[in-house]
Amino acid sequence: MNDTPEKRAHIIVVSNEKGGTGKSTIAMHLAIKLLQENFSVATIDLDGRQGSLSKYIENRQNFCAKKEISLPIPQHCRFEPEANSYLIPNERDKISSQIFALSKHVDAIIIDTPGYKNYLFDEAYKHVDTLITPISDSLIDLNVIADIDYSTNKVVKPGHYSNYVWDCKKYLAAQGKPYLNWIICGNKISPTRSKNKELVFSHLSNLSKLYGFRLCEGLKDRTIYKELFLEGLTVLDMQHPKLRMRMSLSHLAAKFEVKRLAEFISPE
C-alpha cells in the first residue's frame with residue numbers, strides 16, 4: 001500500500017471585484033518568482049475574454065522564440081465565460097477538473113480572475129488557499145472593502161467584496177479548510193506621498209483586524225511593469241545572462257517589491 005500523501009498544489013487566487021487593479025501583473029510576477037526558485041507552477045486565466053495574463057505569457061513565448069533564449073514559463077490554460085447558461089454547469093466541471101489535474105503535478109497554481117463576479121470568479125474561490133487582492137490608493141477601491149463614513153472615519157458596513165470573501169471563508173470551512181490566507185496588497189501605488197494614500201492605508205490597517213486579512217505594501221505604479229509586458233518579461237528577468245538589461249534604482253526597487261510580496265504569502 002502506498003502511504004505517500006497525494007501531492008496538492010498551493011492555490012493562489014489573484015482577485016478583486018473591481019477591474020483595473022493590476023491582477024495580471026501580480027500573477028505573472030509571482031509565477032516567474034516561484035519558477036526561478038525551482039517550484040513548478042501553473043497559471044489559469046479565468047478572465048479569458050480580456051486575456052491579459054494569457055497575452056502576457058504569449059508575449060513571453062514569442063520573445064523566447066525570437067531571441068532564442070530560454071526563460072521559465074508556467075503551464076497555462078485559459079477559460080472564457082460561456083454565454084449559454086445551460087452550458088455553465090459543464091464549464092464549472094471543466095475548471096474544477098483542470099485545477100484538480102494540475103494540482104497533482106505542480107507546486108503552485110496561480111489563478112487570475114475577472115474583475116466582476118460571474119461563475120468563473122466563483123469557481124476560483126472554491127479552491128483558494130491564498131487570496132491576493134490588489135488595491136490602489138483610491139477611496140473608490142477602498143469602497144469594495146468597507147463603506148466608511150469619512151466625516152467620522154467610522155465603518156458603516158462591510159463592502160460587497162468583503163461580504164463575498166466572508167461567504168467564501170464559510171464555504172471553505174464547511175469543506176474542511178478553515179483557514180484562508182487573505183492578503184490585500186497595494187498595487188499601482190503612487191510613489192509620491194499624499195493625504196489620500198495615507199488615508200486609504202490607514203483605514204486598511206484598521207480593517208485588517210476587523211475582516212481578517214494581512215496588508216502588504218505591494219507594488220508601486222512604475223512604467224517598467226507596462227513596458228516589460230510587451231515582451232512578456234518581468235523585472236525578475238532583467239539580469240538574465242543573455243539579457244543583461246541595465247537596471248536603474250527604480251528597477252531594483254521593483255524587484256524588491258515582487259520579492260517581498262512572494263515572501264509575504266507565507267504567514268509563518
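All residue numbers refer to positions in the sequence shown, counting from 1. These numbers come from a predicted model, not from an experiment.
Ile110 places none of its side-chain heavy atoms less than 4.5 Å from the side chain of Pro74. Inter-residue side-chain proximity for Val235 and His251 is flagged as unmet; no heavy-atom pair is nearer than 4.5 Å. At a threshold of 4.5 Å between non-hydrogen side-chain atoms, the residues Ser54 and Gln50 do not count as touching. Residues Asn187 and Thr21 fail the side-chain proximity criterion, which asks for heavy atoms closer than 4.5 Å. A 4.5 Å side-chain heavy-atom check between Asn153 and Asn206 finds every atom pair outside the cut-off. Considering only heavy atoms from C-beta on, Leu53 comes within 4.5 Å of His76 through its side chain. Counting heavy atoms from C-beta on, the side chains of Leu139 and Ile148 never come closer than 4.5 Å. Taking the side chain as every heavy atom from C-beta outward, Leu46 and Phe121 never approach each other to under 4.5 Å.
Side-chain atoms of Asp237 and Thr234 include a donor-acceptor pair closer than 3.5 Å. A donor-acceptor contact under 3.5 angstrom links the side chains of Ser24 and Asp112, judged on distance only. Looking at Asp107 and Ser40, their side chains do bring a donor and an acceptor atom within 3.5 Å of each other.
The hydrophobic cluster containing Ile69 also contains Leu236, counting ILVMFWY residues as joined when their side-chain heavy atoms lie under 4.5 angstrom apart, directly or transitively. Note on Tyr171: it clusters hydrophobically with Ile95, by side-chain heavy-atom contacts below 4.5 Å among ILVMFWY residues. Grouping the Ile, Leu, Val, Met, Phe, Trp and Tyr side chains by contacts below 4.5 angstrom, directly or via other members, places Leu243 with Met28. Under a hydrophobic-cluster definition in which Ile, Leu, Val, Met, Phe, Trp and Tyr are linked whenever side-chain heavy atoms come within less than 4.5 Å, directly or via other members, Trp166 and Leu180 are assigned to different clusters.
Within the structure, side chain to side chain donor-acceptor pair (under 3.5 Å) contacts touching residues 10-20 (residues at least two apart or in different chains) are His10-Thr130, Ser15-Thr113, Ser15-Tyr125, Lys18-Asp141. For the ring-ring contact (aromatic ring centres under 6.0 Å, His included) condition, the pairs that include at least one residue of residues 29-61, sequence neighbours left out, are His29-Tyr225, Tyr56-Phe229. The ring-ring contact (aromatic ring centres under 6.0 Å, His included) analysis of residues 192-213, with sequence neighbours excluded, yields the pairs Tyr150-His203, Trp182-Phe213. For the salt bridge (Lys or Arg N to Asp or Glu O under 4.0 Å) condition, the pairs that include at least one residue of residues 160-178, sequence neighbours left out, are Asp129-Lys177, Asp167-Lys170.
Of the possible polar contacts, none joining the Thr133 side chain to the Ile184 backbone as a donor-acceptor pair under 3.5 Å is found. Checked by atom type and distance alone, the side chain of Asn181 pairs as donor or acceptor with a backbone atom of Ile265 at under 3.5 Å. No donor-acceptor distance shorter than 3.5 angstrom exists from the side chain of Arg214 to the backbone of Ser208, with no hydrogens or angles considered. A donor-acceptor pair under 3.5 Å is absent between the side-chain atoms of Ser202 and the main chain of Leu199, judged by distance alone.
The ring-ring contact (aromatic ring centres under 6.0 Å, His included) test applied to Phe63 returns no partner, not counting sequence neighbours. Considering only residues two or more places apart in sequence or on other chains, Asp122 meets the side-chain hydrogen bond (donor to acceptor under 3.5 Å, both in side chains) condition with Tyr164. Partners of Glu198 under the side-chain hydrogen bond (donor to acceptor under 3.5 Å, both in side chains) rule, at least two apart in sequence or in another chain, are Arg193. By the side-chain contact (heavy atoms from CB on, under 4.5 Å) test, Tyr119 pairs with Glu82, Ile88, Glu91, Arg92, sequence neighbours left out. Lys55 meets the salt bridge (Lys or Arg N to Asp or Glu O under 4.0 Å) test with Glu58; sequence neighbours excluded. In this structure Lys188 satisfies the salt bridge (Lys or Arg N to Asp or Glu O under 4.0 Å) test with no other residue, sequence neighbours excluded. Under the side-chain contact (heavy atoms from CB on, under 4.5 Å) criterion, Ser70 pairs with no residue, sequence neighbours left out. With sequence neighbours left out, Pro81 forms a side-chain contact (heavy atoms from CB on, under 4.5 Å) with Arg49, Tyr116, Asn118, Leu120.
Between Lys226 and Asp221 there is a salt bridge, since a side-chain N of the basic residue sits under 4.0 Å from a carboxylate O of the acidic one.
The minimum heavy-atom distance between Leu30 and Ala262, with the atom names listed, is CD2-CA, 3.8 Å. Considering all non-hydrogen atoms of both residues, Asn196 and Ser138 come closest at ND2-CA, 4.1 Å. Between Leu34 and Ala108 the shortest heavy-atom distance is CD1-CB, 4.0 Å. Counting all heavy atoms, side chain and backbone alike, Pro72 lies closest to Ile32 at O-CD1, 3.5 Å. The shortest heavy-atom contact between Leu215 and Ser205 is CD2-N, 3.8 Å. Minimum heavy-atom separation, Glu68 to Lys242: O-NZ, 4.0 Å.
A distance of 6.5 Å separates NE2 in His127 from CD1 in Ile11, rounded to the nearest 0.5 Å. Atom NZ of Lys23 and atom CD1 of Ile111 lie 13.5 Å apart (nearest 0.5 Å). Put simply, CD1 on Ile224 and OG on Ser250 are 7.5 Å apart, with the number rounded to the nearest 0.5 Å. Note that the NE2 atom of His160 and the CD1 atom of Ile145 stand 8.5 Å from one another [nearest 0.5 Å]. Between Arg78 atom CZ and Gln98 atom CD the span is 14.5 Å, to the nearest 0.5 Å. From Leu210, atom CG reaches atom CG of Leu204 across 12.0 Å, with rounding to the nearest 0.5 Å.
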Exercise for the section: With side-chain contact (heavy atoms from CB on, under 4.5 Å) as the test, would you mind laying out the steps for Cys185 and Ile132 before giving the verdict? Expected result: CA-CA 7 Å; Cys185 73; Ile132 298 178; 3.8 Å; yes
Practice task
Quick one: do Met238 and Leu233 satisfy side-chain contact (heavy atoms from CB on, under 4.5 Å)? Show the steps, please.
Solution key: CA-CA 8 Å; Met238 296 179 68; Leu233 300 176; over 6 Å; no
Practice task
Starting from the C-alpha separation in whole Å, work towards a yes-or-no answer on salt bridge (charged side-chain N to carboxylate O under 4.0 Å, His left out) for Glu257 and Arg222.
Solution key: CA-CA 11 Å; Glu257 289 168 1; Arg222 301 182 189 276; 2.6 Å; yes
Practice task
Please assess Lys126 against Glu123 for the test salt bridge (charged side-chain N to carboxylate O under 4.0 Å, His left out), listing each intermediate value before the final yes or no.
Solution key: CA-CA 5 Å; Lys126 291 181 180 179; Glu123 206 59 34; 3.5 Å; yes
Problem - Audit row: Leu207, Ser162, side-chain contact (heavy atoms from CB on, under 4.5 Å) steps and yes/no - result: CA-CA 10 Å; Leu207 290 167; Ser162 293; over 6 Å; no
